[in-house]
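Every chain is numbered from 1, with letters handed out A, B, ... down the list of sequences.
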Amino acid sequence: MNSFSYARASESPDLAVALLNENQGRYLAGGTNLIDLMREEIETPAALVDISRLPLAQIEEREGGLRIGATVKNSHCAAHPLVRDRYPLLSSAILHGASAQLRNMATTGGNLMQRTRCYYFYDTASRCNKRTPGSGCDAAQGFHRIHAILGTSPHCIATHPSDMCVALTALDATVQVTGPDGERSIAFGDFHRLPGNTPHVETELRAGELITAVDLPASSANLPSIYRKVRDRASYAFALVSVGAALRVEDGRIADVRIALGGVAHKPWRASIAEQMLHGAEPTEANFRQAAEAELTPATPGHDNAFKVELAQRMIASVLQELAEVKA
Amino acid sequence: MPLHTFQLQINGDTRTLSNLDPRVSLLDAIRDHCGLTGAKKGCNQGACGACTVLVDGERINSCLTLALQYEGRDIRTIEGLAEADGSLHPLQKAFVEHDGFQCGFCTPGQICSAVGMLAEYKAGAPSAVTDGEVGELAGAELQERMSGNLCRCGAYVGIREAILEAAAQ
Amino acid sequence: MSILNKVIRSVVQVMPDQAPDELIASNRYLGRSINRLNGPDKVTGKATFTADYPVANLAHAALAYSTIAKGRITSIDTKAAEALPGVILVLTHENAPEMKVPKEFGDGSSNDAGTTQAKILNTDHVSWNGQPIALVVAETPEQAEAAAARIHATYEKEDCVTSFEAAIGDAKQPKAIMGEDPEVTRGDVEQALSQSAARIDLTFTTPPHNHNAIEPHACIAQWDGKDDLTLYDTSQFTAGVATTIAQVFGLKADHVRVVAPYVGGGFGGKGGAWPYIQLCALAARETGRPVRLAMTREGVFRIVGGRTPSQQRVAISADDAGKFLGFVHEGVTAQSTHNHFPEQFSFPPRHLYSMEAYRIGQKVTDLSRVANTFMRAPGESIGTFAVESGIDALAYELKMCPVALRMRNEPDADPVSGSPFSSRHMRKAYEMGVERFGWKSRPAEPRSQRDGDWWIGQGVATGTYPVYRMVTAARVRISADGTAVAQTSCQEMGMGTETVQTQHLAERLGLPMSKVRFEYGDSTLPYAGVAGGSSQTVSVALAVQEAGAKVLKELLALAQKDERSPLREANFEDVVAKDEGIFWRVSGGGESYAAILSRAGKDFVEADHKTGAPMELLKYSMHSYAAQFCEVRVHALSGEVRVQRWVGSFDTGRILNPKMAVSQFRGGIIMGIGMALTEETMFDDRTGRIMNPSLAEYHVPVQADIPDIEVVYTNEPDPHTPLGAHGIGEIGITGVAAAVANAVYHATGKRVTSLPITLDKLM
């Protein structure tokens, strides 16, 4: 880990933004990913601005939805009565990630800023376009069983590791940020980027911007939902494929359906193709399977991760079927 | 790089850390700078749980955070669990009785984690296997909740038995 | 087998047996579930592991590692590292003082514990991806790690083989495998395979594994002058490390002291003197400071090898009654270009089954990778996966119960050597396991049980591990205050050594446990070999027994000289150690140790003893056995496998402490479940570099992966071992991967022949 200056901003987000701008560094909250990446010499900020004590640790009702402060611990968010009651998908997704200890440290904002678990990104001896733009990608011809199958580019096949973000994608969340140029909102689906030619640019955040909250809209509250995570251990492992889905059926037709996938792309993947096919359709197994297949049609797997295509299709269809049978 | 002098509250004691490199993790501060070597470094990246300590009653991985971030917080380590007269915490007793360890390296983390876990459970916090209301602890709930603590000797069964016995008290 | 071995073996065959240990059924302490003596220290954080030692004026070391598998370092830039605050010293091949390459770990009969024949830091040549290329010493660990990360080397790569698959064709038969023939044959096996009612012919692959003890390797080195060195080290072989480091620095072996009272798991990974130890000692010598080198988890992966990959063919034929006619088990493992360890996967079938004709053997191929080493049940763990999966497949061919098929081929004597078994209760183990598991209610048809989205299946496999005994020395002292101590340099890594040897000493000397102490984990104590091969318990027990007998003889001699002693007329054969003293076996009269010593005016009597070579192993076929039963569920859509029930039934001689023994068995089973389902060290074939050097990406089982594990055991004492016991550290893992694979087959109808059984193989 390189040496750095440390400053704590406890009073206000504006102070944090100002401190960061002075010091050209990174915001530090729970530290669960950033400290690890610094130890691995993947992140080498000259300064850290500790935002963990900012007054952003509240969950509040807002416009019929919820505002989750950026420094709310993941565990607190998952256990919060309003979250459990209205957005159980979010609670479940969070609880499927990491371990209890990590969830007690990790924050809302930090979870969004997690970086990939690609082996070659983590190994500074390997070539990685995300770590060192233009250096090449050793994953493409290397171990990529855990890698992306959707939205990949020749430059990067890494996945986004978050579970929470899969739920936030499905729930049409909005990210609130503040920065040197003031406050703005970013739709969750736009927050993370696909790799394209610039896999090192992972989010829409501009230099110095700070996440202050994530908003959940009223429109996605109280939907029957399931978060299904498939991984190599029964717990404490990143997703090979995860599905966060919500379904509402009215008069025998699908009135609302939201499907998001984890472990398959450089960003939490909103299955828009499948959703469009299913809107207004009958909630049948055949329709679910057809929609899932359509969603995965553009997949571009490698030799190790081809199984994810079929796995994602099966999981989408079975989660929707379960929702249709039991919860919808 | 500016150094920092600040205080940590560990097991009720105030410890002053003088001119500390900001890179020092909470775990290394506790171990190397405060001489409390119960918490262990198994991976230094939040993947094994051997470094688990309690902060304001909640379990965390002390390896993945800077000591500076925990200035003034109430930190409890394995050394702070027993009574002042030395009598063991119920979990400590139960771990001995149920052979909830072999080499003992992961044990301080397991026990601190179990203390935090039982508090979470009693407060009604859900887990990934919770479906609706929180279910009984024995079985999947306990196993899921304790999965952040690896034990390579494979004492998982004894650990479960120990925690359940202590929880029943 | 060498001619000399054959001669020795034939002589030993006619030698009389030692009388069984008189404590074989004694149960004052032995056989009882006594809690671990070090339990209170372990649950309070007081147990001092290597990296915990408070040493004044400590400096900290860190390593930089090569990023190519083979070639030369053409430049190494240390300027940025040296310029950092706190950095005391940076050593590379350009300025490192010469160290000798130590002798390689042998077959366990010597103190040599070298792990690689590659020079460390004294060469610009790179032999594996991850080889240490620089050593940094700084005032703090943070400074040392930061500096090590800022050392930049350039290389000239050389062609090399880093892919196991690519190297299989170049495999050669080694001269010997652990002193045994690399291949054993009988009869015309090809003909036996071709003329039979049923046959299978399957090829299995197993990936490399790493031990991943939760305690990473660490060392603290402290010199006293130029010739005396103390090392605190995470070692499961203190005497071997002392000898090896003495070789490296040209010291007398007894001038190196290695201290390791608590070791945070080893599983074989801490048996050798891996290069970090000598580098820590070098750092301390060159800086004149005590130095701690606490390896990072990644660093452990880079320089401490693990289990070999393997490819194994199993072909078995049987008559329609299930009797094995032809039996082939052959294949290839890997070692590195700079070490020698052909892992003995072909041992299990040599001792398990009656076979008409067989060819059982193995080859080894060399890779430019980190040196491999022994990991829990080397050979037997991966060998039983292949053999026991093959037998399961044959059972389906024959439409026989897999248990019945095994019992059909249960031999009367060792099928290869012809030696009698010292103690074999395989049938009883199976009967107990069948009963406890409820095996008889299992449907014979695969893919016939479903619970919602999950297929259910039950599988069984045999486990086996040899009995080894190593030459071991011990010192026993009985003091005038009525206490006793036994000392040997052996290790406690969680096996329960301290507790069980304290039980033993108390039982042996007729003292209460509170009055005896067992001292260990220090190379300056009488010699004990590596804590490996499941040999420590019996090896130490015999040394303590024989040293104890010497002490008792001396005490009796004191009594015989004393007119006032009720024992003055007694011969050694007439007396027994009990009730804190020596007493007539028959009449019961006698006196306490304290009385004998105080009247003789002595503070204590002590004796050292070194045991003889394990000749019993040449006369008898000595092994432990297991019958592993499990139930799995396999998700019909995702292929996820969950083990939901386990019964391990063990035949491992007498159980000395049931509570700790059950923990050991379970621990082995759990590591086996990891091997079956999740574990793999991922070497990138292009570079020979490990790509998952972390506990986040190398998946050892977590709490949620492990079901209830029931353990039963025959508890039949082996009349030819000390205490009637066998070591039990390794038997638990054997047969486990096969039991899981067999249960997966039973659940799904899919035979997975490559480990780990990840979900993609079952979709």
What option among [options] has the most heavy-atom pairs under 4.5 Å with chain C?
{"options": "B/D32, B/L142, B/L36", "answer": "B/D32"}
{"options": "B/K41, B/H98, B/R160", "answer": "B/R160"}
{"options": "B/G42, B/G35, B/S25, B/A47", "answer": "B/G42"}
{"options": "B/T107, B/L91, B/V24, B/N44", "answer": "B/V24"}

Most heavy-atom pairs under 4.5 angstrom with chain B, which of [options]?
{"options": "C/G496, C/P701, C/G494", "answer": "C/G494"}
{"options": "C/L58, C/L695, C/I214, C/D41", "answer": "C/I214"}
{"options": "C/D708, C/T48, C/V700, C/N35", "answer": "C/N35"}
{"options": "C/E215, C/R297, C/K46", "answer": "C/E215"}
{"options": "C/G45, C/P85, C/P40", "answer": "C/G45"}
{"options": "C/H211, C/E697, C/E298, C/E492", "answer": "C/H211"}

*Considering heavy atoms only, which positions within residues 660-670 of chain C lie below 4.5 Å of chain B?*
C/M660, C/S663, C/Q664, C/R666, C/G667, C/I670
*Closest heavy-atom pair and its distance - C/A704, B/S147*: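 Residues C/A704 and B/S147, closest heavy atoms: N-OG, 3.0 Å.
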For chain C, which residues of [range] have heavy atoms nearer than 4.5 angstrom:
{"range": "residues 53-71 of chain B", "answer": "none"}
{"range": "residues 108-122 of chain B", "answer": "B/P108, B/I111"}
{"range": "residues 73-87 of chain B", "answer": "B/I78, B/E79"}

*Using non-hydrogen atoms only, which part of C/A213 is less than 4.5 Å away from chain B: side chain, backbone, both, or neither?*
backbone
*Under 4.5 Å heavy-atom distance to chain B, tell me which part of C/A294 shows up: side chain, backbone, both or neither.*
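For C/A294, neither part sits under 4.5 Å from chain B.
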Side chain from CB out, backbone as N, CA, C, O: work out which of these in [X] comes under 4.5 Å of a heavy atom of chain C, or both, or neither.
{"X": "B/K93", "value": "neither"}
{"X": "B/V129", "value": "neither"}
{"X": "B/D99", "value": "both"}
{"X": "B/Q45", "value": "side chain"}

Euclidean distance, [Y] [atom2] relative to [X] [atom1], rounded to 0.5 Å:
{"X": "C/M495", "Y": "B/C153", "atom1": "CE", "atom2": "SG", "result": "10.0 Å"}
{"X": "C/I709", "Y": "B/Y156", "atom1": "CD1", "atom2": "OH", "result": "11.0 Å"}
{"X": "C/F267", "Y": "B/C103", "atom1": "CZ", "atom2": "SG", "result": "6.0 Å"}
{"X": "C/K42", "Y": "B/Q92", "atom1": "NZ", "atom2": "CD", "result": "15.0 Å"}

*Report the C-alpha distance between B/E97 and C/R36 in whole Å, list the side-chain angles of each, state the deciding distance to 0.1 Å, and finish with yes or no for salt bridge (Lys or Arg N to Asp or Glu O under 4.0 Å).*
CA-CA 9 Å; B/E97 196 54 42; C/R36 261 168 231 277; over 6 Å; no
Taking the side chain as every heavy atom from C-beta outward, state whether [X] and [Y] have any pair of such atoms under 4.5 Å apart.
{"X": "C/Q143", "Y": "B/R23", "result": "yes"}
{"X": "C/D52", "Y": "B/K40", "result": "yes"}
{"X": "B/L88", "Y": "C/T44", "result": "yes"}
{"X": "C/P216", "Y": "B/F105", "result": "yes"}
{"X": "C/E142", "Y": "B/L20", "result": "no"}

*Under the salt bridge (Lys or Arg N to Asp or Glu O under 4.0 Å) criterion, do B/R152 and C/E679 qualify, and how do the steps go?*
CA-CA 12 Å; B/R152 188 56 159 163; C/E679 292 186 36; 2.7 Å; yes
*Begin with the C-alpha distance, continue with both residues' side-chain angles, and end with the deciding distance and a verdict on side-chain contact (heavy atoms from CB on, under 4.5 Å) for B/T37 and C/Y53.*
CA-CA 9 Å; B/T37 55; C/Y53 277 92; over 6 Å; no
*Looking just at side-chain N and O atoms, do C/Q703 and B/N149 make a donor-acceptor pair shorter than 3.5 Å?*
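No, no side-chain donor-acceptor pair sits under 3.5 Å.
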*Verify the neighbour count for atom CD of B/E133: are there more than 12 heavy atoms of other residues, nucleotides or ligands below 6.0 Å?*
no
